[in-house]
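Per chain, numbering begins at 1; letters A, B, ... match sequence-line order.
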Amino acid sequence: MTTVFGVPLAAILGQLMLGLVNGSFYALLSLGLAVIFGLLGVVNFAHGAFYMLGAFAAYVGLQFLGVNYWWALILAPLAVGILGVIIERLFLRHLYLLDPLYGLLLTFGIALIAEGAMRGVFGASGNSYPVPSLLQGGFNLGFMVLPIYRAWVVLASLAVCAVTWFLIEKTRLGARLRAATENALLVQAFGINVPLMVMITYGAGVALAAFAGVLAAPVVQVSPLMGTSLVIVVFAVVVIGGMGSLVGAIVSGLVLGLVEGLTKVVYPEASSIVVFVIMAVVLIWRPTGLFGRD
Amino acid sequence: MKKITTGALGALLGLYAAAPAGAADGRVVIGDIDDLSGVYADASGPGATEAANMAIADFGGTVLGKKIVLLSVDHQNKPDIGASKFREWADQNGLNMLLGGSNTGVSIAMAKVAAAKKVPFIAIGAGGASLTGADCTAYTVHYAYDTTALGNGTASAIVKEGGKSWYFITADYAFGTQLQEAAARVVIANGGKILGAVRAPLGTTDYSSFLLQAQASGAQVLGLANAGTDFSNSLKAANEFGITKTMRPAALLAFISDIHSLTLQTAQGLYLTTAWYWDLNEETRAFAKRYYAKMKKEPTLDQAGYYSATLQYLNAVKAVGSTDSDLVMAQLKKTKINDMFTHGGYVRADGLMVHTMYVMQVKTPAESKYPWDYYKVVKVLSGEEADGTQPDPTCPLVKK
């Protein structure tokens with residue numbers, strides 16, 4: 001068997017493949033966070049909870065309403081996005097002028113309430129969501145069996161990331177949004193409804209999290225705690241990429257997924273902290289993150 | 001103004017400190033420190049608290065003419081929270097006995113408090129055998145199951161059917177490592193070998209990379225030395241990556257709540273070891289029916305254990321006519337346990353409650369005839385087969 005530094009090549013390739021899958025989740029989630037932070041300046045701690053709610057929306061849809069996976073991919077983000085809009089309208093809106101810490105505390109509280117409520121209704125051990133029949137089975141890559149579903153996760157999240165990036169960086173709507181974050185008053189003076197745009201942006205960021213949740217539902221147990229552990233890593237990803245940088249979020253999401261995968265081959269016990277070690281190093285070396293602008 | 005507030009606060013604090021101590025005279029206080037919200041909350045958690053409440057109600061709500069009260073708190077899987085809450089209840093609330101739920105790490109910390117405060121501690125949801133070994137105390141009873149019994153059940157059954165080479169995925173804390181050790185001991189004693197093990201942090205959601213390593217080892221058996229959602233997530237990923245086609249999964253600890261959430265489709269054929277199953281006999285079904293009416297789920301072995309342990313403690317208090325810890329512990333250690341949980345169970349010198357264990361196989365969806373009809377019995381192990389005939393020699397209480 002071919003080995004690299006004493007580790008079988010097949011193992012490295014397998015872990016890189018899995019790293020890519022995890023990286024896609026990180027990219028999708030950190031993109032939503034980056035959109036919300038970049039355009040609203042809100043540190044959205046409820047992001048993990050919205051991800052969890054997206055998965056639960058898919059689960060409830062399938063179990064009780066007969067909504068299949070493909071519809072859930074559209075409807076669950078929509079439903080959770082609307083919830084996000086309501087939260088923005090009722091609560092978040094009043095905090096924009098205050099220290100960002102208040103937004104963090106509010107969204108953290110929302111996350112706790114959402115998790116507690118779901119735990120009360122569905123219990124802690126979670127529920128199974130079946131892989132849609134079209135995506136069952138796997139490709140045998142020689143060094144591992146890659147489930148078709150995981151390949152789909154990579155493709156779907158990369159596509160959504162690309163579309164989001166395009167919308168914000170290359171379209172007129174995106175240009176207005178970015179202008180509004182630079183100088184809201186001036187943009188409003190041109191007759192653009194800034195509060196509406198901000199509201200929609202938050203809803204869209206939240207919908208991205210819910211979309212990731214639906215993607216994750218067939219992979220992990222749909223449980224109230226599924227977002228808690230993930231959101232911390234995703235925050236680290238955003239910090240490494242540079243707060244608010246969309247490209248940074250996408251690239252560092254994917255790269256950190258790969259790094260984590262490699263760590264699992266070399267020293268598995270460190271796999272849960274490697275992202276934070278990298279974050280610490282990046283913060284010392286480049287406090288604005290890899291893609292951050294000063 | 002400030003002075004008045006501070007004064008009022010001081011007065012309130014004074015009241016708070018004084019009140020419970022006085023009130024404790026007229027009541028018997030049972031505490032419950034458990035994972036009420038985390039990965040083990042379905043296996044034990046609020047359902048276990050309810051089971052303890054059922055036992056108190058069945059006992060009549062009073063013992064020795066005193067009202068029985070149950071305190072309950074979430075330890076959040078943090079040993080320091082468990083230990084400090086136990087200490088607080090012992091010092092301020094007149095705690096007479098503590099029921100301990102999931103998490104071996106927390107339970108070891110609480111056992112130390114039990115010894116210091118001389119308050120009986122009945123560990124139920126935790127599996128670590130060291131609770132009645134190196135970490136044993138004169139006030140600990142390890143009630144429902146331990147890692148030794150789990151290893152002797154599942155591992156020996158599978159090795160004897162030809163699953164000789166093993167690879168473990170282990171939860172990275174006291175429980176996981178003790179469970180792996182117990183199972184590995186049994187595998188080796190029966191002529192098998194261990195090809196490797198990987199430790200995954202508690203609460204890991206993505207097991208795929210650990211599973212690839214397991215597969216690369218070429219082992220026949222995938223030993224899952226974890227529990228709760230860790231177990232569910234690892235088994236689910238093993239199915240997804242086609243690993244269950246080349247390796248045989250072995251659940252070293254699985255609760256019925258886990259099987260329920262995984263569904264039979266994913267869990268079918270799995271071997272696991274349990275002390276209790278709701279559908280074993282008339283007594284278990286009768287308890288399960290009453291529990292189901294309240295909780296809308298069938299009870300797990302922990303929850304049944306909570307009911308039984310509470311009842312046995314109250315029986316002991318009644319028998320000795322006192323809540324004196326030493327008298328009650330002596331009574332518990334000399335009384336056979338016969339109830340819906342087990343028959344002929346007894347508490348050994350090291351504190352382990354020795355009782356019958358069952359190796360179960362999870363039914364296929366076709367075999368399952370009614371809701372929660374999940375297990376069939378593969379093998380019944382006597383208490384001695386499960387946990388040995390001698391107390392654990394590493395426990396300082398055991399006379400050598």
Side-chain angles (χ1 to χ4, degrees), chain A residues 1 7-8 10-19 21-22 25 112 115-116 119-120 122-131 136-138 140 143-150 216 218-230 257 260-265 268-273, chain B residues 35-47 169 172 197-213 215-217 227-237 239-243 245-246 255-267 295-297 300:
Chain A
M1 206 189 291
V7 182
I12 295 184
L13 287 175
Q15 298 298 352
L16 285 178
M17 200 68 225
L18 292 175
V21 176
N22 284 342
F25 278 117
L112 291 180
E115 276 165 18
R119 195 162 49 222
F122 294 99
S125 31
N127 302 281
S128 276
Y129 189 93
V131 174
Q136 278 172 2
N140 197 339
F143 53 91
M144 68 178 285
V145 174
L146 177 68
I148 294 173
Y149 187 79
R150 303 249 175 171
V219 178
V220 297
Q221 285 286 92
V222 178
S223 91
L225 301 173
M226 65 189 278
T228 320
S229 49
L230 203 57
E260 218 181 46
L262 278 183
T263 316
K264 283 176 181 165
V265 189
E269 285 85 349
S271 63
S272 57
I273 56 158
Chain B
D35 177 0
L36 298 182
S37 59
V39 290
Y40 303 133
D42 278 2
S44 184
I169 291 185
D172 193 13
V198 61
R199 292 185 181 181
L202 180 68
T204 298
T205 48
D206 179 49
Y207 280 87
S208 45
S209 52
F210 301 119
L211 288 162
L212 280 197
Q213 293 177 51
Q215 196 175 33
S217 74
T229 37
D230 285 350
F231 161 73
S232 313
N233 277 325
S234 48
L235 185 64
K236 200 174 169 182
N239 266 304
E240 197 196 349
F241 280 83
I243 285 162
K245 291 199 184 81
T246 52
F255 292 100
I256 196 156
S257 49
D258 303 324
I259 305 300
H260 183 71
S261 77
L262 276 168
T263 71
L264 293 183
Q265 191 59 40
T266 308
M295 300 302 286
K296 304 291 170 236
K297 293 173 190 172
T300 63

query: Are side-chain heavy atoms of A:L18 and B:L212 found at a separation under 4.5 Å?
result: yes
Atom pair CG (A:L112) and OG (B:S37), whose distance is rounded to the nearest 0.5 Å: 10.5 Å
task: Write down the atom of A:Q221, the atom of B:S261, and the distance for their closest heavy-atom approach.
output: NE2-OG, 3.1 Å
- prompt: Considering only heavy atoms from C-beta outward, does the side chain of A:V219 approach that of B:E240 to under 4.5 Å?
  reply: yes
statement: Closest heavy-atom pair, A:S128 versus B:K236, reported as atoms and distance to 0.1 Å, is CA-NZ, 4.1 Å
- prompt: Residues in side-chain contact (heavy atoms from CB on, under 4.5 Å) with A:Q136, at least two apart?
  reply: A:V131
field: Region of A:P218 in contact with chain B, defined by heavy-atom distances below 4.5 Å
entry: backbone
- request: Test side chain to side chain contact (heavy atoms under 4.5 Å, CB included) on A:F122 and B:D42 and set out the steps.
  value: CA-CA 10 Å; A:F122 294 99; B:D42 278 2; over 6 Å; no
message: Holding to side-chain contact (heavy atoms from CB on, under 4.5 Å), I want the full list of residues that pass it with B:D206, two or more places apart in sequence or in another chain.
response: A:N22, A:R150, A:K264, B:S208
query: Quick one: what part of B:T205 sits under 4.5 Å from any heavy atom of chain A, side chain, backbone, both or neither?
result: both
